[in-house]
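Heavy-atom basis, side chains included; hydrogens, waters and symmetry copies ignored.
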Amino acid sequence: MLILSRKTDQQIKIGEEITLTIIEIRGDQVKIGVEAPKSVKVFRQEVFSAIQNENTQAASLPPEKIGVLSKILKK
């Protein structure tokens with residue numbers, strides 16, 4: 001893990017297309033702006049983990065339940 005110190009309005013580049021900007025630091029909270037192409041999905045860790053969990057649960061459904069879900073989603 002790379003650890004960097006930044007101040008408000010300073011940036012971090014990830015590759016050529018992603019820029020992180022420190023927007024505000026207040027107490028123990030940091031606001032970060034993310035500039036990235038629309039093709040790059042950006043999530044908070046807890047949201048990403050929830051999506052992965054949902055995907056894992058969906059992948060483990062028996063085929064008969066997937067068929068029922070598919071019909072519901074088509075409505």
When you check the side-chain N and O atoms of Q45 and S49, is any donor under 3.5 Å from an acceptor? yes

Is V30 linked to I18 within one hydrophobic cluster, defined over Ile, Leu, Val, Met, Phe, Trp and Tyr using a side-chain heavy-atom separation of less than 4.5 Å? yes

Under a 4.5 Å side-chain heavy-atom rule over Ile, Leu, Val, Met, Phe, Trp and Tyr, are I3 and I25 clustered together? no

CG of L4 to CG of L20: how many Å apart, nearest 0.5 Å? 9.5 Å

Atom CD of E16 and atom CD1 of I14: how far apart are they, to the nearest 0.5 Å? 13.5 Å

Would you mind telling me which of E35, K31, Q10, R6 makes a side-chain contact (heavy atoms from CB on, under 4.5 Å) with T21? E35

Take a 6.0 Å sphere around [atom1] of [X] and say whether it holds more than 12 heavy atoms from other residues, nucleotides or ligands.
X   : atom1 : answer
E17 : CD    : no
K13 : NZ    : yes
F43 : CZ    : yes

Is the backbone of R26 close enough, under 3.5 Å, to the side chain of Q29 for a donor and an acceptor to pair up by distance? no

Shortest non-hydrogen separation from I23 to G33 and the atoms involved: CG1-N, 3.5 Å

Is I22 close to I32 at the side-chain level, that is, under 4.5 Å between some pair of heavy atoms? yes

